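A short write-up of the structure that comes next.
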Number of protein chains: 2
Amino acid sequence: MAERDRAYHHGDLRSSLVEVAAAMISEGGTASVTMRAIGSRLGVSRGAPYRHFSDKTALLVAVAVEGFKRLNRRLGASDTGASPSSVEKLRRMGEQYVRFALEHPAHYRLMYGKEALARQDQPELREAAGALLENLVEVIRVHQQRGEIEGGDPRAHAYVAWSAVHGLASLLIEKQIDPNVDVDELIRQTTRTLLGGLRDRGQA
Amino acid sequence: MAERDRAYHHGDLRSSLVEVAAAMISEGGTASVTMRAIGSRLGVSRGAPYRHFSDKTALLVAVAVEGFKRLNRRLGASDTGASPSSVEKLRRMGEQYVRFALEHPAHYRLMYGKEALARQDQPELREAAGALLENLVEVIRVHQQRGEIEGGDPRAHAYVAWSAVHGLASLLIEKQIDPNVDVDELIRQTTRTLLGGLRDRGQA
DNA sequence: AAGCTCTTGTTGACGCTGTCAACACCGAAT
DNA sequence: ATTCGGTGTTGACAGCGTCAACAAGAGCTT
């Protein structure tokens with residue numbers, strides 16, 4: 001956020017719109033995000049955004065895509081630091097995933113809420129979410145080769161893992177979980193149970 | 001739906017409103033549910049619902065509560081039939097859970113979408129969702145006593161299990177999962193992995 | 001039977017929303 | 001200097017949730 005508002009016609013609206021919309025979502029929830037409010041916050045009229053996004057939905061999709069990118073970056077960064085040799089790395093990825101959701105609940109909700117978005121398939125959104133999955137699949141494949149995770153289609157394992165962390169994140173965000181429980185411990189237990197199941201070889 | 005529309009002032013609006021709202025949600029998604037449309041579908045003006053619900057939110061909460069009750073009933077019913085002696089019963093509960101979500105996606109979305117509902121805590125909603133959790137905790141406790149599931153706080157295990165099935169249901173509903181994968185198999189794999197993790201005793 | 005009152009449904013109005021069409025403006029290319 | 005295309009503005013419209021004022025049937029009291 002350094003060299004903006006330079007040129008006349010506001011310079012680089014488009015990205016400012018996404019930025020401001022994301023900020024407003026974090027501050028006041030999706031409901032507080034209105035085309036008029038976004039414009040006014042940028043010193044611009046209500047109609048201006050329509051020169052850059054065909055639709056309010058299109059703008060929100062851009063915001064969601066940005067969210068997926070950030071989440072993806074964060075999961076990648078959870079790699080660094082002492083490179084633990086075991087599945088501990090995978091466990092930490094799960095932890096970071098849930099933590100991201102807790103830190104940006106409204107943004108996270110938007111990312112997965114088809115309700116507001118995606119009347120038709122939004123290719124950009126699909127691609128951003130797909131990248132997340134691909135990275136996860138790759139990590140799982142590595143651990144399979146190390147013999148730390150049972151064989152079989154790594155994609156299926158990835159879906160199972162994704163389900164576990166997304167489910168936990170979602171329940172936490174929607175306050176379906178007793179606020180008295182230790183969240184950190186619950187996250188740890190979830191990721192451990194998940195990995196325990198992935199490691200096991202027998203059928204249930 | 002047999003003896004309705006009898007008495008004068010429409011007879012039993014309130015429950016008709018919930019019924020119709022639920023139907024409209026299933027048919028056209030949450031966006032299609034408008035106070036005016038609900039009323040008109042019942043041959044009633046737009047203002048009538050306000051005699052029974054303070055708010056559109058209040059009406060939607062009632063719909064969500066109804067959804068939780070149905071889901072709960074269904075999970076209870078998954079008990080019957082050959083009473084499998086092992087954790088197979090628990091696995092089937094998870095299966096039924098996901099299936100419910102797939103059959104009523106918009107309704108399920110509403111049940112967990114704090115966005116639309118619950119500016120403040122809605123005690124009725126909390127209670128209905130709480131009943132779901134309590135039942136799950138009870139089942140887990142039984143299996144713990146049978147030595148089929150590792151010890152520790154059954155509530156924590158319940159949260160983990162709930163996260164897994166809710167996450168899978170959510171990803172499926174929001175079409176985050178490749179439509180080419182075999183959904184039945186994925187559900188089976190998820191529940192198996194989960195139970196494998198719960199059975200395991202070591203730490204990851 | 002008459003009247004009163006409470007509950008329930010109706011209607012007009014308000015402010016808010018997303019969106020479109022017509023317009024205004026500036027920067028750049030001719 | 002003029003033209004032109006991309007960008008921002010403004011007035012208008014329909015639809016929404018909601019409220020206040022009104023109407024009308026139901027049921028009780030006398």
Side-chain angles (χ1 to χ4, degrees), chain A residues 3-21 24-25 27-64 106 110 113-120 122, chain B residues 3-21 24-25 27-64 106 110 113-120 122:
Chain A
E3 73 300 59
R4 228 182 302 129
D5 316 66
R6 277 195 335 219
Y8 156 69
H9 264 156
H10 186 270
D12 181 17
L13 201 59
R14 196 174 203 283
S15 38
S16 294
L17 287 169
V18 176
E19 197 177 318
V20 164
M24 292 181 67
I25 281 178
E27 292 164 15
T30 307
S32 77
V33 178
T34 139
M35 291 305 240
R36 286 160 159 91
I38 295 172
S40 120
R41 185 134 148 185
L42 282 163
V44 141
S45 82
R46 70 194 184 270
Y50 287 90
R51 297 294 160 190
H52 302 271
F53 296 95
S54 65
D55 225 281
K56 185 186 183 187
T57 296
L59 171 53
L60 291 182
V61 165
V63 174
L110 175 70
K114 168 181 160 277
E115 196 61 39
L117 318 176
R119 191 175 310 269
Q120 353 226 89
Q122 309 281 152
Chain B
E3 72 300 57
R4 228 181 303 127
D5 315 67
R6 276 194 335 217
Y8 156 69
H9 263 155
H10 186 271
D12 180 17
L13 203 59
R14 195 171 205 286
S15 39
S16 295
L17 288 169
V18 176
E19 197 177 317
V20 164
M24 291 180 67
I25 282 179
E27 292 165 15
T30 307
S32 77
V33 178
T34 137
M35 291 307 238
R36 287 159 158 91
I38 295 172
S40 120
R41 185 134 146 184
L42 283 164
V44 141
S45 81
R46 70 193 184 269
Y50 287 90
R51 297 294 160 189
H52 301 272
F53 296 96
S54 66
D55 224 284
K56 185 186 181 185
T57 296
L59 171 53
L60 291 182
V61 164
V63 174
L110 174 69
K114 167 181 161 281
E115 194 62 39
L117 319 177
R119 190 175 310 270
Q120 355 225 88
Q122 307 282 151

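Predicted model only: the values in this text are computed from it and were never measured.
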To the nearest angstrom, the CG-P distance between A/L42 and D/dT7 comes to 16 Å

Residues at least two apart in sequence or cross-chain that pass side chain to side chain donor-acceptor pair (under 3.5 Å) with A/R41, listed by chain then number, are A/E27

Tell me every residue that passes side-chain contact (heavy atoms from CB on, under 4.5 Å) with B/S45, counting only those two or more places apart in sequence or in another chain.
B/A48

Under the rule for side-chain contact (heavy atoms from CB on, under 4.5 Å), what residues qualify as partners of B/Y50, not counting sequence neighbours?
B/M35

Going by salt bridge (charged side-chain N to carboxylate O under 4.0 Å, His left out), name the pairs with one or both residues in residues 45-56 of chain B, residues two or more places apart or in two chains.
none

With sugar-phosphate taken as primed atoms, P, OP1 and OP2 and all else as base, the protein-contact string of nucleotides 9-19 of chain D at under 4.0 Å (heavy atoms; B, S, -) is BBBB---BBB-

Could you state the atom-to-atom distance from CG of A/L60 to C1' of C/dG18 in whole Å?
12 Å

Can you tell me the distance, in whole Å, between the CZ atom of A/F53 and the P atom of C/dC20?
16 Å

Sorted by chain and number, sequence neighbours left out, side chain to side chain donor-acceptor pair (under 3.5 Å) with B/S15 holds for B/D12

